[in-house]
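As structure tokens, the structure follows; a few thoughts come after it.
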Amino acid sequence: MIRAIELRKSYGNLAAVDGISFEVQRGEILGFLGPNGAGKSTTMRMLTGYIEPSSGQAMVAGFDLATEPKAAKRKIGYLPESAASYPAMTVLEYLHFCAELRGIVEPARQAAVQAAMEKTQLFSAANKTIATLSKGYRQRVGFAQALVHDPPVLILDEPTDGLDPNQKHEVRQLIRQMAQDKAILLSTHILEEAEAVCDRVLVIHRGRICASGTPAELLTRSSLYQAVEFRPLRPLSEAEQAQLKGLEGAKELVISEQPGLWRLLPQPGANLLSAVTRLLSELGQGPEEIYLLKGRMDEVFRNLTAQEAP
Ligand code: ADP
């Protein structure tokens, strides 16, 4: 449903987007993850037809944005980073206005607005003016305008930015519901969001894709992937530390950020959980707590994108 082929956008000497290719299928949520300035918004603006690429091709639902922009744009719902707002309008007025801009005429318009309000649970706010809404509700209005023409493709730029944790949770649920029959591309710099919402993630850095995969696949790049974290009953003696380090498949024994908590990092592919549990028990060291870690997205992200752009 979405296809980017070697997309590039330059501003003077700066390659804001430097040859990005990917696809998004129906039913899939693809996340663009990258630090500020990585080129996420610029890519999304090219895919929505707001700006023209310097080179490359953007296709939506089989239509090329360069040669068939009208047909392509009809298939897209876009939630920009800072949505244009009409603070004096009520929600209902605004959504009717958006539907009209999309060329939807009565009586279909009434039904389209109702459907968009239902999907975003906006009925209770229908007659409130936009200026009086909470940020979370304003974001729902943004979603409703993106959905009003029932597009098969949604492009969402930082959809939960600035929301509180409860509002973020609600918006993420909304996105998951909408994904059932749509292709969704969303950008975020929030790692937990990529983990929680996306089926697949592209990590963008300096205008290029530097890693891609499911969140679980990306986590395997973390040094803490499959590490065993444990709290022995007493401080570990040097001899006990040496025994733990000597376990087959062990790579490194480190103290974690929390006092009394240790981590045994594995060689790639090794699973140390049962061996550590057994050894600690043999040593009369409990353990008081023991966990298998799944890796940390922040570490993966930092390793991939730590070099700041000049
Ligand atoms: P992101 O959305 O990942 O934060 P952007 O796509 O907004 O990143 O920006 C990528 C790079 O392109 C940044 O260095 C930004 O300063 C630059 N850039 C974006 N838009 C313009 C523009 N209209 N003119 C000049 N530079 C721009």
Side-chain angles (χ1 to χ4, degrees), residues 1-9 17 20-32 39-53 55-84 94-120 122 139-159 171 174-188 197-202 204:
M1 295 301 290
I2 306 176
R3 209 159 160 209
I5 306 159
E6 281 295 303
L7 274 182
R8 284 198 165 75
K9 182 72 186 179
V17 175
I20 283 192
S21 303
F22 63 88
E23 289 183 8
V24 192
Q25 318 289 335
R26 192 185 285 270
E28 189 180 31
I29 305 179
L30 178 69
F32 263 15
K40 305 181 295 293
S41 296
T42 306
T43 306
M44 292 184 141
R45 286 192 203 117
M46 290 191 272
L47 285 165
T48 49
Y50 276 69
I51 56 174
E52 280 183 19
S55 66
Q57 201 181 10
M59 309 268 297
V60 169
F63 299 106
D64 186 327
L65 271 146
T67 55
E68 296 174 282
K70 270 196 175 163
K73 284 182 191 175
R74 262 203 289 275
K75 301 290 183 186
I76 304 171
Y78 178 38
L79 181 69
E81 198 172 1
S82 42
Y94 174 67
L95 292 177
H96 270 273
F97 168 69
C98 293
E100 196 179 340
L101 287 182
R102 285 283 183 182
I104 306 172
V105 291
E106 292 296 7
R109 195 188 301 157
Q110 191 81 20
V113 169
Q114 292 296 310
M117 288 210 301
E118 187 172 348
K119 282 183 202 144
T120 51
L122 266 173
Q139 195 67 337
R140 289 195 208 187
V141 174
F143 270 103
Q145 74 62 39
L147 287 169
V148 77
H149 55 301
D150 196 22
V153 168
L154 280 182
I155 297 187
L156 313 172
D157 201 350
E158 301 274 358
V171 166
L174 199 65
I175 295 171
R176 285 233 71 103
Q177 280 164 19
M178 291 186 301
Q180 286 166 13
D181 60 347
K182 298 188 191 299
I184 301 186
L185 174 63
L186 69 83
S187 71
T188 182
V197 187
C198 301
D199 301 306
R200 205 152 51 87
V201 174
L202 302 181
I204 316 268

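Closest heavy-atom contact between Ala144 and Ala116: O-CB, 3.7 Å. Residue Val141 comes nearest to Leu95 through the heavy atom pair O-CD2, 4.2 Å, listed as atom of the first residue, atom of the second, then distance. Heavy atoms only, all atoms of each residue included: Leu65 and Leu47 are closest at CD1-O, 2.9 Å. Cys198 and Leu186 get closest at one heavy-atom pair: SG-CD1, 4.1 Å. Taking each heavy atom of Gly56 and Leu7 in turn, the nearest pair found is C-CD2, 4.1 Å. In this structure, Ile76 and Val60 approach most closely via the heavy-atom pair CG1-CG1, 3.6 Å.
By the 4.5 Å heavy-atom criterion applied to side chains, Leu185 and Leu156 are not counted as neighbours. By the 4.5 Å heavy-atom criterion applied to side chains, Thr120 and Leu147 are counted as neighbours. At a threshold of 4.5 Å between non-hydrogen side-chain atoms, the residues Pro159 and Leu79 count as touching. Between Leu30 and Ile184 there is no side-chain heavy-atom pair separated by less than 4.5 Å. Within the 4.5 Å cutoff, side-chain heavy atoms of Val17 are placed close to those of Met46.
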- Task: Run the numbers on Glu28 and Glu23 for side chain to side chain contact (heavy atoms under 4.5 Å, CB included), then give the verdict.
- Result: CA-CA 10 Å; Glu28 189 180 31; Glu23 289 183 8; over 6 Å; no
- Task: Decide side chain to side chain contact (heavy atoms under 4.5 Å, CB included) for Met44 and Ile155; before the verdict, give the C-alpha distance in whole Å, the side-chain angles of both, and the deciding distance to 0.1 Å.
- Result: CA-CA 7 Å; Met44 292 184 141; Ile155 297 187; 3.9 Å; yes
- Between Thr43 and Phe32, does a side chain to side chain contact (heavy atoms under 4.5 Å, CB included) hold up when you go through it step by step? CA-CA 10 Å; Thr43 306; Phe32 263 15; 3.6 Å; yes
- Message: Ile204 vs Ile20, test: side chain to side chain contact (heavy atoms under 4.5 Å, CB included). Steps then yes/no.
- Response: CA-CA 9 Å; Ile204 316 268; Ile20 283 192; 3.8 Å; yes
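The CE atom of Met117 lies 7.0 Å from the CG atom of Leu122; values are rounded to the nearest 0.5 Å. Here the CG atom belonging to Leu101 is positioned 13.0 Å from the NE2 atom belonging to His96, to the nearest 0.5 angstrom. A distance of 8.0 Å separates CE in Met178 from CD1 in Ile29, rounded to the nearest 0.5 Å. How far OG of Ser55 is from NZ of Lys9: 10.0 Å, rounded to the nearest 0.5 Å. Taken to the nearest 0.5 Å, the CZ atom of Arg3 stands 6.0 Å off from the CE atom of Met59.
Dense packing is recorded around CZ of Arg8, with more than 12 heavy atoms of other residues, nucleotides or ligands lying under 6.0 Å away. Within 6.0 Å of atom CD in Gln114, more than 12 heavy atoms from other residues, nucleotides or ligands are found, so the atom counts as buried in its surroundings.
Arg176 places a side-chain N or O within donor-acceptor distance of the main-chain N or O of Val197, the cut-off being under 3.5 Å. Side chain of Ser187 to main chain of Glu158: a donor-acceptor pair is present (N/O by atom type, distance under 3.5 Å, no hydrogens or angles). In this structure, Thr48 contributes its side chain and Arg45 its backbone to a donor-acceptor pair below 3.5 Å. At distances below 3.5 Å, at least one donor-acceptor pair connects side-chain atoms of Gln145 with backbone N or O atoms of Gly142.
The salt bridge (charged side-chain N to carboxylate O under 4.0 Å, His left out) check on Lys119 picks up Asp150, with sequence neighbours excluded. Residues satisfying the salt bridge (charged side-chain N to carboxylate O under 4.0 Å, His left out) test with Arg26, not counting sequence neighbours, are none.
For residues 60-78, the set of pairs meeting the side-chain hydrogen bond (donor to acceptor under 3.5 Å, both in side chains) definition, not counting sequence neighbours, comprises Gln57-Asp64.
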